Asker: 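Quick one: this structure, given as structure tokens, is what I'll be asking you about.
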Amino acid sequence: MSSLRFRAVEKASNRVAKQAISPNKKTSEYFGADVFNKVAMQKHLAKETFEKINQAIRQGTAIDRALADHVAAGLRMWAMEKGATHYTHWFHPLTDGTAEKHDAFIEFDGQGGLIEELSGKLLAQQEPDASSFPSGGLRNTFEARGYSAWDPASPAFIMDNTLCIPTVFIAYTGEALDYKTPLLRAIQAVNSAATEVCHYFDQDVEKVVTNLGWEQEYFLVDDALYEARPDLALTERTLMGHESAKNQQLEDHYFGAIPPRVQSFMKDLEYYCYRLGIPVKTRHNEVAPNQFELAPIYEEANLAVDHNLLLMAVMKKIAREHDFRVLLHEKPFKGVNGSGKHNNWSLCTNKGVNLFSPGKDQEANLQFICFIANALMAVYKHNALLKASISTATNALRLGASEAPPAIISSFLGSQVSDILSKFENSSIEEAVRVDAKKKLKLGVGQIPEILLDNTDRNRTSAFAFTGNRFEFRAPGSSVNCASALIALNSAMAAQLCDFKIEVDQLIAAGKSKEEAIFERIKAYITISKPICFDGNGYSQEWQIEARKRGLDCQTSVPLIYDAYLSEQSIKMFADTKVFTHHELIARNEVKWEIYTKKIQIESRVLGDLAINHIIPVCTRYQTILMDNVMKYKQLFPEEENKENLELIREIKSNISAVRAKVVMMTESRKEANLIEEAKAKAIAYHDRVLPFLDDIRYHIDKLELIVDNELWPLPKYRELLFTR
Ligand code: ADP
Ligand code: MG
């Protein structure tokens, strides 16, 4: 066997589980130990500072220099007590993941020595040399001026002796260069629009908060096997590999016990998560072999997004300590399930009312139906945009492939909510809305006050499913920043709620009662948004045809899907909600197209190299062995023909020729595409003319894998990657 593969497999199969950290404490006793949370603040800040900063966080007001100085001093003391020596502004650039530049706390003391310091100015704002972050031309490289600015709503934390300060990242013109800035704007947009709408039902509502509970799926692969697969190491996915004879057919992994090595990894991961204040709650196996999931208790969306990004970084680190590599890629293995990151999304008032949860009385239920109907309208109007928000080169490999929603956004409501909506739709305003003598609202529609939602009514194939008290957006990929989906979703919802408010107010101005006006609009929305509602099998072929008939966006080319950001409708919607200017949208799409191109470019290069340097030489060697055999056979049995081996030799030859020829053609296509200047046209060229070669070449290599002597095959096979743990 190829020595590298052989050694890797041997190493991987001989590993034993490492002892996980045992904190010897209740989780609640060390939860948030590495976070500058309220407890730490109270201890390290003067009472006045503590009160002022909390007020600023609650109300989202600006923090003045004096307050920043006081907070910075306390923050540094706390961090140094915890052993931190450096600090960094931690931000989310437009590449996925996070960025940081570490600085030591030290300053000259003016006496020839050093003192430790962190000023309010350095806490509040910095100018990282950010010229190498993608900006889509928003910030000319020669100016290299991007600012990171403190987000006090997400608490600072310590990782690896570094104090990390969550920040936004903006150009000197104020335009967003990151995900956090537009996320905060979108959260604010929903807050103000939803609060206005809530006032129809409850005048005392002051604020509406967006909640997010993500579910992170991932694969684990043994470190040695990962190292022996250059495609995994360079692209995070296998660009070749024949399916294992045993795969996920038995679904035995999903119900199986978590393997001991993985359990140790999970325990350590959870320990660090708790210290960092990430409230992880559930862990389990997923459907595919070596695939797992982790989900926290949901949190306010800005914090939840930070926590997910932090989690991904911590996972990578802890996995290595357990001789694993974590694969966050959406489709590391062909033929088995991919990984997603379900975004559980809900809106909640400052009084604790979940607006997607049915209430106790009819008024509360009218509010519930009102928010559901508006959400459906938002998703219906902006289904192309929502798809664009989750589309990436890597997620495209997952969507529409084994057990993932197709590249079409639809919503599943479950039979109960569907029934309620259809009753609503079919009743007249007179029968539905009666206001009795006590000015109490009466809905003549069926059983509403008593909506007890049955949470077991699930449709796993839907991209946007209502699950009892929230919507579960299932299309986002496992590797992405959840903010992208949330920005689109929240903005669309905010714009929709604003439209609703205007329409209802117009009806009221025309003499309708508030209830009648609300009812009339909801009724209309239920009818209009019907094309987005689909309770059938989203994985089926029929749905693709049906969806097209319904006018839903069915585009599958990622570079073209991104056009949805620049449709007239989206430009207006983002401008109205003040989430993105037209200029920002243009710049961000440039970045999206560039990233798309680079991903395919790298995959194509890696595949070309592997095919020529790893695969073909081995196949040729095996072919020579067969030829020797045929010749010797001929010497012994001159009359007989060694038909089987001759056939194999020919089969190898034809596949090798195909691989060689296609690698040449792929390289040519790449060269042509590289000449294109314009980002979108280039991405389209990569999608249309380079991407197809990846599958094409793989097809022949996977055929060769089945023919060539197992002992010679150079790369760890699927059965080894997926079943060693
Ligand atoms: P599933 O059955 O889809 O695996 P879980 O019960 O594991 O669902 O929950 C998935 C996620 O949904 C968790 O992060 C949970 O905290 C979150 N979640 C539950 N209720 C809400 C809600 N009202 N708003 C947002 N997220 C929620
Ligand atoms: Mg789920």
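Remember, predicted model here, so these are calculated numbers, not experimental data. Atoms within a ligand are numbered from 1 in the order they appear, just like the ligands themselves.
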Asker: Within the 4.0 Å heavy-atom shell around E472, which atoms of ligand 1 are there?
Answerer: 3 (O)
Asker: Against R283, only a single residue in E217, E215, E270 fulfils salt bridge (Lys or Arg N to Asp or Glu O under 4.0 Å); can you say which?
Answerer: E270
Asker: Could you work out, with side-chain contact (heavy atoms from CB on, under 4.5 Å) as the rule, every residue matching K530, not counting sequence neighbours?
Answerer: E425
Asker: Rounded at 0.5 Å granularity, tell me how far CG in N290 sits from CG in L722.
Answerer: 6.0 Å
Asker: Is there a donor in the side chain of Q55 and an acceptor in the side chain of T61, or the other way round, less than 3.5 Å apart?
Answerer: no
Asker: Which ligand 1 atoms does G213 reach within 4.0 Å, using its non-hydrogen atoms?
Answerer: 14 (O), 26 (N)
Asker: Within ligand 1, which atoms have a heavy atom of S346 less than 4.0 Å away?
Answerer: 22 (C), 23 (N), 24 (N), 25 (C)
Asker: Under 6.0 Å from the ring centre and within 45 degrees of the ring axis: does the NZ or CZ of K317 meet both conditions for the six-membered ring of Y272?
Answerer: yes
Asker: Looking only at distances, please establish whether an N/O atom of ligand 1 is found under 3.5 Å from an N/O atom of P296.
Answerer: yes
Asker: Here's one to test your reading of the geometry: is the NZ or CZ of R261 within 45 degrees of the ring axis of F324 and under 6.0 Å from its centre?
Answerer: yes
Asker: When only distance counts, is E215 in polar contact with ligand 1, meaning an N/O pair under 3.5 Å?
Answerer: yes
Asker: Any nitrogen or oxygen of N344, side chain or backbone, less than 3.5 Å from one on ligand 1?
Answerer: yes
Asker: State the atoms of ligand 1, each with its element, that fall below the 4.0 Å cut-off from a heavy-atom position in I297.
Answerer: 16 (O)
Asker: Could you tell me whether Y298 and ligand 1 have an N or O pair separated by under 3.5 Å?
Answerer: yes
Asker: Looking at CG of L486 and CH2 of W345, how far apart are the two atoms once the value is rounded to the nearest 0.5 Å?
Answerer: 9.0 Å
Asker: Closer than 4.0 Å to some heavy atom of N354 - which atoms of ligand 1 meet that?
Answerer: 23 (N)
